[in-house]
Amino acid sequence: MTKHIQAIRGMHDILPERIAIWHRIEDTARQVLSGYGYAEIRTPLVEVTDLFKRSIGEVTDIVEKEMYSFEDRNGDSLSLRPEGTASCVRAAIEHGLLVQPQRLWYRGPMFRYERPQRGRYRQFHQIGVEAFGLDGPDIDLEMILLTARLWRALGLQGFRLELNSLGDPDERLAYREQLVAYLGAHADQLDADSCKRLHTNPLRVLDSKHPRTQKIVAAAPSLMDHLGEVTRGHFERIRHGLDEAGVDYLVNPRLVRGLDYYNRTVFEWITDDLGAQGTVCAGGRYDGLVEQLGGRSTPAVGFAMGLERLVELLELAGHAAEPPVDAYLVAVGERAQQAAPMLAERLRDAVPALRLMTHCGGGSFKSQFKKADRSGARYALVLGEVELERDVFGIKPLREEGEQRELGFDELAAFLG
RNA sequence: GUGGACGUAGCUCAGUCGGUAGAGCGCAGGAUUGUGAUUCCUGUGGUCGUGGGUUCGAUCCCCAUCGUCCACCCCA
């Protein structure tokens, strides 16, 4: 036997038995998003590597060691996208979409070379949402309310919303200096990773899980205290809106996101049901990114959610899948098998919404009925010598008690319609 | 990238203190020569992840490798 070829580590097939939950999430998201006037955009999976270096940040883990980068045949460095915001911004600039406010969303696979773990894969799927050209707190609020609505529509509960403001760049810079000074004075008590970050990305030290570091961080100066009147007001308006809408949240002053481009609002929806990868949806404001990527200065807010994580939560909640078909056509005997395909076509013409599976491959009544049952169909339609003689279909309910009946074509079409 | 657990039938797992393996579910057929889901019977199932080493002999012990899972890390 030849050696099996298997899927690449951390990249998984989504099998038919799980696809219904994916559809449910995707369909619900599309519905909710269009309810807020967001339009879908589709961008390539591959971009010039530089796009991600410039947007995500050179010193982030994603860019430093998690990208699938390669040279194409003419020597350009390309990368599989590790996230969607950069491409979305690039496309918006490239096509001049930013002359007016835009509400966009996208979905699809993202790629990061990480060690696979529950809720973390090398190919994973996100739905991302971005709004451009709007600088008020109302759009930040809209995004959060939109996600809350989505969880309701999906029947998901128990998420925790954490919220923070990172301030504007100058405020953050001033804070950063104080933070570095404080942490530097306690450098001997920090863990190794945090020590390194002290000089590359000191804000990230704030959300270190290391107990010793946490102790130091607890007494560190707070970013909140360094916000100016404007950014503070922006944040307060969002909080007020959430209060009014009855959405619970927790202000977490140590919430900083891993990507460099955020400013002001950042938020995360977190669950305790998925182990270490509990962030189900996260995002924030990134007013500087468009300009950083060569566009005209444009305010922006966005977030992304991890579909594998939502799928797993829905599975844990035991959401049953819809059966894939309504009826299963059983055809026994040479003549019936010959007649079945055309009769099935006529039925599909007569009842367009009907999901009808026709038995293929012959076999006894017994075996065909077994297949009919396994298909999940509500009805078995029966075509044998007897039915052909009388020019009728047998119809037998499979999900409830009931006798098999005989119906002519028109009666059957009316019944199934 | 670091640390740990684990890879036995399509699936979930048992087992062999080293002598090449078993259950349940599934699948196929029958009891019912035209009727599923229940019940009963029969059958089908595996180079014990892969490669090497130790041994008379390895699924079991050792090493490597690939993969899965968990935590760190990272993040959606």
Side-chain angles (χ1 to χ4, degrees), chain A residues 1-12 15 17 56 60-66 82-85 107-129 147 191-194 196-197 201 204 207-211 255-259 267-271 274-284 302-313 328 330-333 336 359 363-388 394-404:
Chain A
M1 209 165 72
T2 47
K3 211 178 165 200
H4 289 294
I5 294 178
Q6 43 184 259
I8 292 170
R9 179 173 202 194
M11 305 199 183
H12 297 295
L15 300 178
E17 60 185 24
I56 297 167
T60 56
D61 281 20
I62 294 179
V63 168
E64 272 182 348
K65 47 196 191 201
E66 292 180 0
E83 57 101 40
T85 298
R107 70 165 151 203
M110 309 292 162
F111 303 85
R112 290 182 202 170
Y113 190 87
E114 297 188 273
R115 186 118 165 214
Q117 196 179 317
R118 183 182 190 187
R120 185 174 81 182
Y121 309 101
R122 291 185 173 178
Q123 175 176 329
F124 61 101
H125 297 77
Q126 288 187 335
I127 288 179
V129 181
T147 51
D191 63 283
D193 279 340
S194 295
K196 229 176 286 165
R197 289 225 183 79
N201 201 345
R204 302 247 45 212
D207 67 353
S208 166
K209 278 187 205 164
H210 201 95
L255 177 66
V256 296
R257 314 275 8 280
L259 289 69
F267 67 92
E268 272 186 34
W269 287 95
I270 302 163
T271 174
L274 289 180
Q277 312 299 328
T279 301
V280 142
C281 169
F303 67 86
M305 50 199 161
L307 299 193
E308 278 79 1
R309 294 177 186 180
L310 291 173
V311 166
E312 197 174 337
L313 286 170
Y328 190 100
V330 163
V332 180
H359 181 86
S364 63
F365 270 98
K366 185 188 175 73
S367 64
Q368 293 200 28
F369 261 88
K370 212 167 196 170
K371 293 279 196 315
D373 183 53
R374 296 286 151 81
S375 77
R378 199 157 161 215
Y379 299 105
L381 306 184
V382 186
L383 204 59
E385 287 299 328
V386 177
E387 287 78 11
L388 281 180
I395 176 166
K396 181 178 187 180
L398 297 173
R399 303 292 148 224
E400 61 205 69
E401 291 304 312
E403 289 297 298
Q404 182 167 322

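All chains are named by letter (A, B, ...) in the order of the sequence lines, taking the proteins before the strands, and each is independently numbered beginning at 1. All of these numbers come straight from a predicted model, not from anything done at the bench.
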Problem set entry | Results of side chain to side chain contact (heavy atoms under 4.5 Å, CB included) for A/P109 - residues two or more places apart only |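 Listed in chain order: A/L45, A/R81, A/F111, A/Q123, A/H125.
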For this session: Looking at every strand, decide which applies to A/K396 at a 4.0 Å heavy-atom threshold: base, sugar-phosphate, or nothing.
Result: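 Since a base atom lies under 4.0 Å of A/K396, the category is base.
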Exercise. Closer than 4.0 Å, any side-chain N/O of A/K371 to the OP1 or OP2 of B/rG36?
Worked result: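 Indeed not, no polar side-chain atom of A/K371 lies that close.
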For this session: Find the distance A/R115:CZ to B/rA5:P and express it as a whole number of Å.
Result: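 For the pair A/R115 CZ and B/rA5 P, the rounded distance is 13 Å.
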Problem set entry | A/T279 side chain, from C-beta outward: closest of B/rU35, B/rG36, B/rA76 |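 In terms of side-chain proximity for A/T279, the closest of B/rU35, B/rG36, B/rA76 is B/rA76.
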Exercise. In whole angstrom, what separates A/H12's NE2 from B/rG67's P?
Worked result: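 It works out to 11 Å between those atoms.
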For this session: Output yes when at least one side-chain N/O atom of A/K370 is less than 4.0 Å from OP1 or OP2 of B/rG26, else no.
Result: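 So the side-chain polar atoms of A/K370 never come under 4.0 Å of the phosphate oxygens OP1 or OP2 of B/rG26.
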For this session: Assign A/G84 to base, sugar-phosphate, or nothing according to its heavy-atom contacts below 4.0 angstrom with the strands shown.
Result: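 No contact.
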Exercise. Touch check for A/A276, heavy atoms < 4.0 angstrom, all strands: base, sugar-phosphate only, or nothing?
Worked result: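 Base, at least one base atom sits under 4.0 Å.
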Exercise. Looking across every strand, which nucleic acid part, if any, lies under 4.0 Å from A/E268 by heavy atom: base, sugar-phosphate, or nothing?
Worked result: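 A/E268: no heavy atom of the nucleic acid under 4.0 Å.
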Exercise. Which whole-number value in Å describes the distance from A/K366 NZ to B/rU38 P?
Worked result: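 Roughly 11 Å, once rounded to whole Å.
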For this session: For A/R122 and B/rC73, give me the distance from atom CZ to atom C1', rounded to whole Å.
Result: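 Checked: the CZ to C1' distance equals 14 Å.
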Seminar exercise, completed: Given Watson-Crick and G-U pairs under 3.5 Å, RNA chain B in dot-bracket ([ ] crossing, | other strand) is (((((((..((((.....[..))))((((((.......))))))....(((((..]....))))))))))))....
Exercise. Can you check the A/R374 CZ to B/rC25 P distance for me, whole Å?
Worked result: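 My rounded result for the distance is 12 Å.
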Problem set entry | Gap between atoms CZ and C1', on A/R9 and B/rU68 respectively (whole Å) |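 Distance, rounded to whole Å: 9 Å.
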For this session: Please work out if A/E387 contacts a base, only the sugar-phosphate, or nothing of the nucleic acid, heavy-atom cut-off 4.0 Å.
Result: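 Touches a base.
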Problem set entry | Any residue meeting side chain to side chain donor-acceptor pair (under 3.5 Å) with A/N201, in chain and number order, not counting sequence neighbours |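 For A/N201 there are no side chain to side chain donor-acceptor pair (under 3.5 Å) partners, ignoring immediate neighbours.
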